[in-house]
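What follows is a single structure, written as structure tokens, with notes after it.
Along the sequence shown, residues carry numbers from 1. Note that the structure is predicted; figures quoted are calculated from it, not measured.
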Amino acid sequence: MKNWWKILAVVLLLFTIIAGFLAEVPRLAILNETIRNLFFHVPMWFGMIIILLVSVVYSVKYLRNPSIKNDVVAYEAAKVGILFGVLGIVTGMEWARFTWGEFWSNDPKQNGAAIGLLIYFAYLVLRSSFAEQQQRARISAVYNIFAFFALIPLLFILPRLTDSLHPGNGGNPGFNSYDLDNRLRIVFYPAVIGWTLLGVWIVNIKSRLELLRHRLYETL
């Protein structure tokens, strides 16, 4: 059954949503019930990184073997990755309001994420500025690779070099360092897989629709 992963995505997401809101969670200082956002905010970022990596892979494939399919998948994956990034920012801001006292506190992780998304928004603008398909695809592929390798330091390296309120950065311990409660892990890991599979599913649908549009355009 070739669609098994789609069924798995639905099952995992239903489990994540139900358990995320209803399951018992540890009572940690300051976090309290907001710890439930761990099942939504963090998996969004995991999904974003994986989907953007897929986009980069197809950009590299396009540069080695120029084809409409490689360009389309790279572009659609980038858009879905950006969507997940925006959702990650929004859920993170909501979490920050309850734990840090404000939506935006200029935390290095927040600023890095915002700059990274702006770099990818520029990718969308860049694509729209070229009318010729091959030129657009080639330049976009090069920029897409640059954007991904600029995003990684902004999210995972620079915040660790400065003081940060964000868990796991700037000397602030991550959840695994002080919380050994498996009640979080039993929902968190399926959530990461579920949200990522949902992103891949969206990329798959959008890419197929775009390729069909190209074929219809060629036949007219």
Please determine whether residues L87 and V192 belong to a single hydrophobic cluster, defined as Ile, Leu, Val, Met, Phe, Trp and Tyr linked transitively by side-chain heavy-atom distances below 4.5 Å. yes
P43 to L38 - nearest heavy-atom pair and separation: CD-O, 3.0 Å
Minimal non-hydrogen separation, T16 against F39, with atom names: CG2-O, 3.8 Å
Quick check on I139: does its CD1 atom have over 12 non-hydrogen neighbours (other residues, nucleotides or ligands) under 6.0 Å away? yes
Spell out, as yes or no, whether a donor-acceptor pair under 3.5 Å connects the side chain of Q110 to the backbone of F103. yes
Is W104 reaching over with its side chain to a backbone N or O of M93, donor-acceptor style, under 3.5 angstrom? no
Report yes if some heavy atom in the side chain of V142 is under 4.5 Å from a heavy atom in the side chain of Y62; otherwise report no. no
Is any side-chain heavy atom of R138 closer than 4.5 Å to one of Y143? no
Supply the atom-to-atom distance T196 OG1 to W201 CH2, rounded to the nearest 0.5 angstrom. 14.5 Å
Path from L83 to M48 over hydrophobic side-chain contacts below 4.5 Å: yes
At what distance, to the nearest 0.5 angstrom, does CG of L211 lie from CG of L216? 11.0 Å
Side chain to side chain contact (heavy atoms under 4.5 Å, CB included) filter on T91, not counting sequence neighbours, yields N37, H41
Quick one: does F188's side chain get under 4.5 Å of F46's, heavy atoms only? yes
Sequence-distant partners of E102, side chain to side chain contact (heavy atoms under 4.5 Å, CB included), two or more places apart: S105
Where do K79 and F84 land on the side-chain contact (heavy atoms from CB on, under 4.5 Å) test, with the steps shown first? CA-CA 9 Å; K79 289 196 295 184; F84 272 49; over 6 Å; no
Closest approach of S55 and N144, non-hydrogen atoms and distance? OG-ND2, 2.7 Å
Give the minimum heavy-atom separation between I51 and V200, together with the two atoms involved. CD1-N, 4.2 Å
Can you give me every donor-acceptor pair (side chain of residues 117-129, partner residue at least two apart or in another chain, under 3.5 Å) with its distance?
unit_1 : atom_1 : unit_2 : atom_2 : d
Y120   : OH     : F148   : N      : 3.3
R127   : NH1    : D71    : OD1    : 2.9
R127   : NH2    : D71    : OD2    : 3.2
S128   : OG     : V125   : O      : 2.7
S129   : OG     : L126   : O      : 2.6

Could you give the distance from CH2 (W45) to CG (L155), rounded to the nearest 0.5 Å? 6.0 Å
Can you list the residues that meet the salt bridge (charged side-chain N to carboxylate O under 4.0 Å, His left out) rule with R208, with sequence neighbours excluded? none
With sequence neighbours excluded, what pairs up with K61 under the side chain to side chain contact (heavy atoms under 4.5 Å, CB included) test? V57, Y58, N70
Where E132 and Q135 come nearest, the two heavy atoms and their spacing: OE1-N, 2.6 Å
Shared hydrophobic cluster for L197 and V10 (ILVMFWY, side-chain gaps under 4.5 Å): yes
Any I50 side-chain heavy atom under 4.5 Å of W195 side chain: no
In Å and rounded to the nearest 0.5 Å, what is the CH2 to CG distance from W5 to L12? 12.5 Å
Distance, nearest 0.5 Å, that separates CD of E210 from CD1 of I205: 14.0 Å
Atom of S207, atom of V73 and distance for their closest heavy-atom approach: OG-CA, 3.7 Å
With a sphere of 6.0 Å drawn around NZ of K6, does it hold more than 12 non-hydrogen atoms of other residues, nucleotides or ligands? yes
Flag side-chain contact, heavy atom, 4.5 Å: I152 against I49: yes
Within-4.5 Å side-chain heavy-atom neighbours: I145 and F149: yes
To the nearest 0.5 Å, what is the distance between CG on L52 and CD1 on I82? 7.0 Å
More than 12 non-hydrogen atoms from neighbouring residues, nucleotides or ligands closer than 6.0 Å to CD on Q133, yes or no? yes
Side-chain heavy atoms under 4.5 angstrom apart, residues restricted to Ile, Leu, Val, Met, Phe, Trp, Tyr: same cluster for L14 and W4? yes
V54 side chain reached by V203 side chain, heavy atoms, under 4.5 Å: no
Please collect all salt bridge (charged side-chain N to carboxylate O under 4.0 Å, His left out) contacts where either partner lies in residues 80-94, sequence neighbours excluded, each pair once. E94-R97
Do F21 and F98 sit in the same hydrophobic cluster, where Ile, Leu, Val, Met, Phe, Trp and Tyr count as joined when their side-chain heavy atoms come under 4.5 Å apart? no
Side chains of I7 and N3, heavy atoms from C-beta outward: is any pair under 4.5 Å? no
